[in-house]
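For reference, the structure discussed in these notes is given below.
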Amino acid sequence: MTFGFAPSAATSMSASSVSADSVSRLARTLEPSEWASAGIPLLRSPREVVSGLHSRHRPTPTTAVVAVLDPEERLTASASFSRRPTVAADGWDFRNALLAHLRRVIPHDLRRRTPVRTAVLLYCRDGDERWTEEDGAWMWGLRDACTLHGLRCGAYITLTRGGWQVLGEGRSGRQPTSLSEPSPLAETTADHVPAPSSTGGGAAEALRRTAAR
């Protein structure tokens, strides 16, 4: 004769809750094929955009840099922040964080019939260039944050030990990396950071607020 214990109702409910939470997180993830077919606009010069953001924000692993580009691909505003690696990757949380930082550095474009400015996301992380579920959650978060702020959803770029990669496009480069020292800002962003006189008051102020981040 063997003896055992039947799982309690509380245990069953807890397991069910964990399972439901995992399913919800997966629903807030975009696969590379979904991203590639979403019509994300291509960057004309991804190397210069990446180098400029790397020099401006000096990202280390778990740092996200969200940047807004004008129609000429010039940097209008940007912000960087770190995510807690101990927390599960969830597109909902990433969306909220991105949206909060966008609201701090640049006014929304929700009154426009068609988005004019584009938001791109550079995420510095450990590992190699292959897509991860965390990347999928960032993609979902970026797309949703752009919709809520009246922006076009732009490229999602990862920065790892091996270099940078524009996911969904197949474009990449060896420099900069997550370990490399940033180049002087004037050498990398001169073509992408507009002079204050050409950005307008709000954009110039946003640029000043984010330049030291």
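In what follows, every heavy atom counts, from backbone to side chain, and hydrogens, waters and symmetry copies are set aside.
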**OP:** Evaluate the ring planes of W138 and F81, with Trp represented by its six-membered ring, and classify them as parallel (under 30°), tilted (30 to 60°) or perpendicular (over 60°).
**Re:** tilted

Original post:
Hey, what do you get for OG (S178) to CG (L159), rounding to the nearest 0.5 Å?
Top reply: 5.5 Å

Subject >> Sequence-distant partners of R47, salt bridge (charged side-chain N to carboxylate O under 4.0 Å, His left out), two or more places apart >> reply: none

Original post:
Would you find more than 12 non-hydrogen atoms of other residues, nucleotides or ligands less than 6.0 Å from E133 atom CD?
Top reply: no

Original post:
With respect to L121, which candidate in V65, T158, I157, V66 satisfies the side chain to side chain contact (heavy atoms under 4.5 Å, CB included) definition?
Top reply: V66

Original post:
Does H149 use its side chain to pair, donor to acceptor, with the backbone of L151 at less than 3.5 Å?
Top reply: no

Subject >> Transitive ILVMFWY side-chain link M139 to L99, under 4.5 Å >> reply: no

Original post:
Does R44 offer a backbone N or O that forms a donor-acceptor pair with the side chain of E73 under 3.5 Å?
Top reply: yes

**OP:** Please determine if R125 and D135 form a salt bridge, counting it only when a charged side-chain N lies under 4.0 Å from a carboxylate O.
**Re:** yes

Original post:
CZ/F94 to CZ/R83 distance, rounded to the nearest 0.5 angstrom?
Top reply: 4.0 Å

**OP:** Mind checking the OG1-CZ spacing from T177 to R161? Nearest 0.5 Å is all I need.
**Re:** 9.0 Å

**OP:** Might you point out which heavy atoms bring R171 and P46 nearest each other, and give the distance in Å?
**Re:** NH1-CD, 3.5 Å

Original post:
With distance as the sole criterion, is a donor-acceptor pair present between the side chains of T63 and H57 under 3.5 Å?
Top reply: no

Original post:
Under the criterion side chain to side chain donor-acceptor pair (under 3.5 Å), which of T118, T114, D109, T147 is the partner of R152?
Top reply: T118

Original post:
Quick check: are there more than 12 heavy atoms from other residues, nucleotides or ligands sitting under 6.0 Å from CH2 of W92?
Top reply: no

Original post:
Going by an N to O cut-off under 4.0 Å, is there a salt bridge joining R143 and E34?
Top reply: no

Original post:
For the atom pair CG (L122) and CZ (R56), what is the distance rounded to the nearest 0.5 Å?
Top reply: 13.0 Å

**OP:** Considering non-hydrogen atoms only, spot the tightest contact between I40 and A155 and give its length.
**Re:** CG2-N, 3.8 Å

Original post:
How long is the span from the CZ atom in R28 to the CG atom in D90, to the nearest 0.5 Å?
Top reply: 4.0 Å

Original post:
For R174, does the CZ atom have more than 12 heavy-atom neighbours from other residues, nucleotides or ligands under 6.0 Å away?
Top reply: no

Original post:
Are E72 and R74 ion-paired here, with the side-chain N under 4.0 Å from a carboxylate O?
Top reply: no

Original post:
How close do A145 and L98 get, heavy atom to heavy atom, and via which atoms?
Top reply: CB-CB, 4.0 Å

